[in-house]
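For the numbers below, each heavy atom of this structure counts, side chains included, while hydrogens, waters and symmetry mates do not. Letters go in sequence order (proteins before strands), and every chain restarts at 1.
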Amino acid sequence: MSNTTLDDQYTQLSEDLLDFLIDGGKLAVIKAPPGSGKTFTLVEVLSALAREGSRIALGCQTNSQVDDVCNRLVKKGALTVRFSSSTYPTPDDLDPHVLVIRDKKQLPAGPSVVVGTIAKWALTDILDPFDLFAVDEAWQMSWADLMQCALLSERFLLIGDPGQIPPVVTVDARRWDTSPRAPHLAAPTVVVDEPGLASVRFLGELPACRRLPHEAVEFIKPFYDFDFAAYADLGARGIDVPGAHRFAQLGDGRPLAVTLPTPSNGPPIEVDHELAASAGTIVSAILDAGAMLRVDGKTRPLVASDIGVSSTHRVMNATLASALAPWSPALRVDTPERWQGLERPLMIAIHPLSGVTDPSAFDLETGRLCVMASRQQAGLILLTRDHVGETLANYVPSAEQAPGRPDVVGRGHDAHLRFWGALVDKGRVRTLT
Amino acid sequence: MSRREITKKLRAWEAERPIPRYDTLHHAIVSPDDALVVTFVRMAGESRPWGIAWGTAASGPRIVSVPDGRVRDDVSSLCAEFAEDLLDHLRVHNWTYDPAGQKEDTSRLRQVWLPNGAHIEMLHQLSYTYSQTKFGGANQDILRALGRVAGWMFRETARKGSQHVVSASGALNDAYVFPAQDVRTAHLGFQLAWLETVGDRTHRMAAAADAETMTVSPTLDPDLDRRVLSDLVERWQLVRRDGGEASSTAASIAAILEPELVRRWELTRRAYSLLAANDRPVNPGVRWLIEESQAEFWGQHQRIELRLNDPSLGPAFVAHPETDFHGSAAASRYLTYEAADEAFVGRLIHSDPELFAEAVDAGDAVRGEVVRVTDLGTGRATRPVWVLRLPPGVTHRLRENVRLTPYGSSGHEVIVLDLDVTEDALDVTLEWTGLKTRPLSVGLGAKPDASIWVGQQVAFVTSDAADLTRRRSSRVWSAAKGPGAWLTHGKFPTQIEILDDDGRSDLLVDDVRQIVAGEPA
């Protein structure tokens with residue numbers, strides 16, 4: 001599909017969404033693949049609505065996301081208000097044209113976009129409801145959180161990436177497994193799954209992934225229940241390592257799985273020092289070889305700040321940070337939860353099943369792997385023990401979900417299998433030499 | 001299993017006995033008179049009890065069983081008898097002369113000890129069977145009261161830090177690390193044999209392996225059930241059907257069930273006694289957990305009992321045993337559980353060095369050197385800011401705006417302003433926001449803005465936001481009057497119809513019909 005066609009689809013979706021909301025539509029849900037211009041679309045639509053005279057509340061998951069969206073909105077000319085808690089220090093890089101308020105009495109009465117964290121909105125009582133309550137990264141918001149926001153507006157716009165990590169559940173939530181609207185599920189999941197809302201709901205999908213190399217997009221599709229295209233051109237992105245270098249395959253933009261042998265007594269639990277040291281070896285090999293970053297016709301030397309590293313375990317991340325200290329702090333190491341919404345030209349990810357030979361439901365939840373496999377603009381290296389393919393092949397999922405609930409573990413297992421199978425089929429799994 | 005957990009297990013193996021998991025006990029230990037020990041047995045494949053043993057740790061057990069656990073009326077009578085003592089013990093309104101009030105002293109906590117999770121699940125079964133029963137005749141009221149309190153007890157066990165219902169096996173696992181696989185330490189007899197047997201590891205292991213052969217679950221040993229009891233039950237049924245005298249057969253069944261019940265009861269009482277006589281103190285933070293539990297008992301059970309008796313006191317609904325069908329009820333309870341979970345460690349950690357060490361390992365606590373103290377306040381305002389230097393590569397969950405509490409000085413609070421990662425260190429800039437003009441109760445005991453903190457090692461633990469989460473749990477109800485409630489609090493789909501074994505549909509009136517339509521349970 002050509003980019004012109006994709007651009008037309010983006011435009012059409014934005015126009016349809018605008019028409020729906022201007023005509024009084026009360027509920028819109030937009031599914032977005034990773035790096036698809038979700039926040040861009042949101043900013044376009046909300047600023048257009050504000051120009052039409054709407055007064056909008058926008059909820060984001062974190063303060064840094066609030067700051068980022070405010071900076072983007074204000075450039076579109078919308079009256080942009082940052083609604084902060086009394087203790088939140090205004091960051092230096094917040095556009096001075098953004099109006100910062102801390103008291104709900106200062107909320108503007110006219111057309112505007114007021115941006116705050118979900119936590120802030122959830123506890124704010126307002127006398128004059130907004131025309132619309134929009135939520136960015138909505139798949140990270142639980143249904144219980146959305147319920148608290150019923151005072152804000154009659155109309156809702158939820159936009160987010162359904163492949164990402166679902167809301168964190170730290171308690172025993174079995175009591176609500178069969179609740180008609182389970183409070184711990186992602187709010188858009190509840191809304192999309194309810195047939196009774198189909199007649200009032202606008203459901204859209206952003207058509208393309210813009211972040212990933214064209215060749216990498218196919219690999220992450222198992223994590224999604226809708227199709228999307230690649231926006232980048234074929235061959236436009238990659239990490240070019242000169243000559244017959246052992247990481248020369250990174251030049252084609254596809255992900256590369258690099259394995260270490262699994263010890264006979266099983267992989268190390270939590271902290272794999274050998275794997276961490278290998279991450280250091282890989283970074284060193286790529287940077288020392290003078291690798292070049294190629295993104296959409298522009299080429300420049302790859303530097304440490306272009307590289308991100310991710311592992312699901314904090315203790316492993318600490319070990320990785322030590323192994324990668326020579327490139328710190330430019331090179332960032334963090335959990336997939338923290339990488340959500342961020343990107344780097346080259347990502348190195350520790351496969352979530354590397355230290356697991358008997359996967360649990362938590363291990364097979366695909367959000368973490370999906371985030372880790374979709375942060376890169378040019379190259380991805382998955383570093384893992386070599387048992388993963390065998391572990392997945394030997395695993396027999398048992399449907400333990402409550403009656404009427406989807407088989408999340410079975411689906412997760414299937415997505416994991418298809419992701420790993422694609423790497424194997426395309427010859428993208430190799431041992432570290 | 002975490003590395004720390006594996007290390008502890010290896011240490012226990014080396015010590016040849018279970019070793020303390022933490023430096024304090026994380027659960028209230030009430031007096032023997034206030035600890036009601038309850039155990040069940042049931043027929044294979046049945047959900048209703050066949051026999052129940054109950055009694056306080058001070059008094060010893062009362063054993064009651066029925067000849068056939070499938071005979072509904074007999075089981076109802078058994079349960080009604082049990083209910084009288086259980087409701088009185090928990091001081092449930094209408095069933096005691098001394099009902100628990102809204103504000104109770106923590107010393108008045110009453111506990112119910114059960115052997116393990118399988119016995120706790122029996123509470124769920126009682127809730128299903130009796131909370132809205134249409135049967136029972138003269139016993140209907142007390143059976144319904146039993147169903148309601150059993151339902152509350154079952155739900156309460158899923159709330160972190162709950163203090164009324166204790167799984168003996170769970171409490172021992174929380175108190176000790178056993179040199180054995182986790183799956184085996186779910187067996188109360190196995191745990192107690194490891195803890196109580198005198199001798200070296202070989203002796204303890206042998207005793208534990210022996211104990212493990214005797215089932216603790218409510219379901220009897222299948223061999224005993226099939227080989228001995230099923231013939232007796234069949235004979236009892238035949239004699240009864242023919243109008244004959246079946247009391248001797250019934251006595252034979254009771255004589256087999258009694259030692260089974262007594263064994264389970266004694267194991268549970270031993271677990272209670274072992275923890276009650278423990279040389280470790282109960283964590284001072286448990287006092288707060290008791291207060292929370294008492295408030296939960298009042299709000300989620302006692303107050304509802306009062307209102308069911310006197311509707312003029314306010315609306316009340318009986319929670320459905322399966323789930324909360326009403327959205328506000330579901331979200332509110334979910335958030336309450338979240339708040340309890342957030343608060344649990346925060347309440348206990350300041351008095352338990354081992355719990356603190358565990359938090360450090362997990363990145364939930366950090367220790368570093370204060371390298372700078374400044375006061376950014378103007379005029380008379382104080383705004384102390386510290387730079388805390390951590391070793392590079394330390395495991396942490398720090399990010400900007402995270403709130404921390406100095407370890408051992410609960411009430412003080414800082415917010416992370418900035419993280420500066422260098423090759424040699426991680427510098428964390430912290431602004432004091434809670435009790436910033438009061439001296440800390442740890443270390444030098446100076447006020448946060450005192451420069452003498454420079455050079456000192458200070459530890460911080462993650463602050464919890466439980467108070468906010470609790471506010472949110474009540475907000476889901478008040479938000480129902482908002483303009484967006486058409487979506488968030490709208491009409492819910494009909495509950496899933498549940499069919500029983502005879503193909504009859506579930507007779508329970510769900511919470512939606514009670515709250516929205518005012519239909520009585």
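- Heavy atoms of B:Ala362 lying under 4.5 Å from chain A belong exclusively to its backbone.
- When all heavy atoms of B:Pro483 and A:Leu151 are compared, the closest pair comes out as CD-O, 3.7 Å.
- Looking at B:Pro391, there are no atoms closer than 4.5 Å to chain A (heavy atoms on both sides), in backbone or side chain.
- If you tally non-hydrogen atom pairs under 4.5 Å between each of B:Arg472, B:Lys481, B:Arg159, B:Arg333 and chain A, the highest count goes to B:Arg472.
- Contacts between A:Ser179 and chain B at a heavy-atom distance below 4.5 Å involve backbone atoms as well as side-chain atoms.
- Atom OG1 in B:Thr488 sits 8.0 Å away from atom CZ in A:Arg181 (nearest 0.5 Å).
- Only the side chain of A:Leu197 comes within contact range of chain B, with heavy atoms under 4.5 Å apart.
- Taking chain A as the reference chain and counting heavy-atom pairs below 4.5 Å, the highest number among B:Ala485, B:Ala480, B:Ala330 is found for B:Ala330.
- The environment of CZ in A:Arg314 is crowded: more than 12 heavy-atom neighbours from other residues, nucleotides or ligands sit within 6.0 Å.
- Residue contact with chain B, scored on non-hydrogen atoms closer than 4.5 Å, involves the side chain of A:Val271 exclusively.
- Counting only residues at least two apart or on different chains, the salt bridge (Lys or Arg N to Asp or Glu O under 4.0 Å) pairs with a member in residues 320-335 of chain A are A:Arg332-A:Asp334, A:Asp334-A:Arg338.
- Of the two parts of A:Asn317, neither the backbone nor the side chain holds a non-hydrogen atom closer than 4.5 Å to a non-hydrogen atom of chain B.
- In this structure, chain A has a heavy atom under 4.5 Å from the backbone of B:Ser478, while its side chain stays farther away.
- Between B:Ala479 and A:Ala150, the shortest heavy-atom contact is O-CB, 3.4 Å.
- If you tally non-hydrogen atom pairs under 4.5 Å between each of B:Lys160, B:Glu338, B:Arg397 and chain A, the highest count goes to B:Arg397.
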- Under the salt bridge (Lys or Arg N to Asp or Glu O under 4.0 Å) criterion, do A:Asp125 and B:Arg475 qualify, and how do the steps go? CA-CA 10 Å; A:Asp125 285 315; B:Arg475 190 175 163 86; 2.7 Å; yes
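- Proximity to chain B is limited to the backbone of A:Val168, based on heavy atoms less than 4.5 angstrom apart.
- Between chain B and the residues A:Val190, A:Val333, A:Thr319, A:Asp145, the most heavy-atom pairs under 4.5 angstrom are made by A:Asp145.
- Annotation for B:Asp341 and A:Val171: closest pair CB-CG1, 3.6 Å, computed over non-hydrogen atoms.
- B:Arg155 touches chain A through its side chain: at least one heavy atom from C-beta onward sits under 4.5 Å away, while N, CA, C and O do not.
- When each of A:Met316, A:Lys26, A:Arg174 is checked for heavy-atom pairs under 4.5 Å with chain B, A:Lys26 comes out on top.
- Using a 4.5 Å cut-off between heavy atoms, B:Arg403 contacts chain A through its side chain alone, with no backbone atom that close.
- Of the residues considered (A:Leu27, A:Thr124, A:Asn63, A:Leu320), A:Thr124 shows the highest number of contacts with chain B, using heavy-atom pairs under 4.5 Å.
- Counting heavy-atom pairs closer than 4.5 Å to chain B, the top residue among A:Ala321, A:Ala122, A:Ser322 is A:Ala122.
- When all heavy atoms of A:Met147 and B:His489 are compared, the closest pair comes out as O-CE1, 3.3 Å.
- Here A:Ala318 is the residue among A:Ala318, A:Ala323, A:Ser64 with the most heavy-atom pairs under 4.5 Å with chain B.
- Proximity to chain A is limited to the backbone of B:Asp361, based on heavy atoms less than 4.5 angstrom apart.
- With ring centers used as reference points, A:Trp143 lies 6.0 Å or more from B:Tyr334.
- When heavy atoms are compared at a cutoff of 4.5 Å, B:Leu417 approaches chain A solely by way of its side chain, counted from C-beta outward.
- Scanning all heavy atoms of the two residues, the minimum distance from A:Asp172 to B:Ala158 falls at OD2-CB, 3.9 Å.
- Taking the side chain as every heavy atom from C-beta outward, B:Leu487 and A:Val200 never approach each other to under 4.5 Å.
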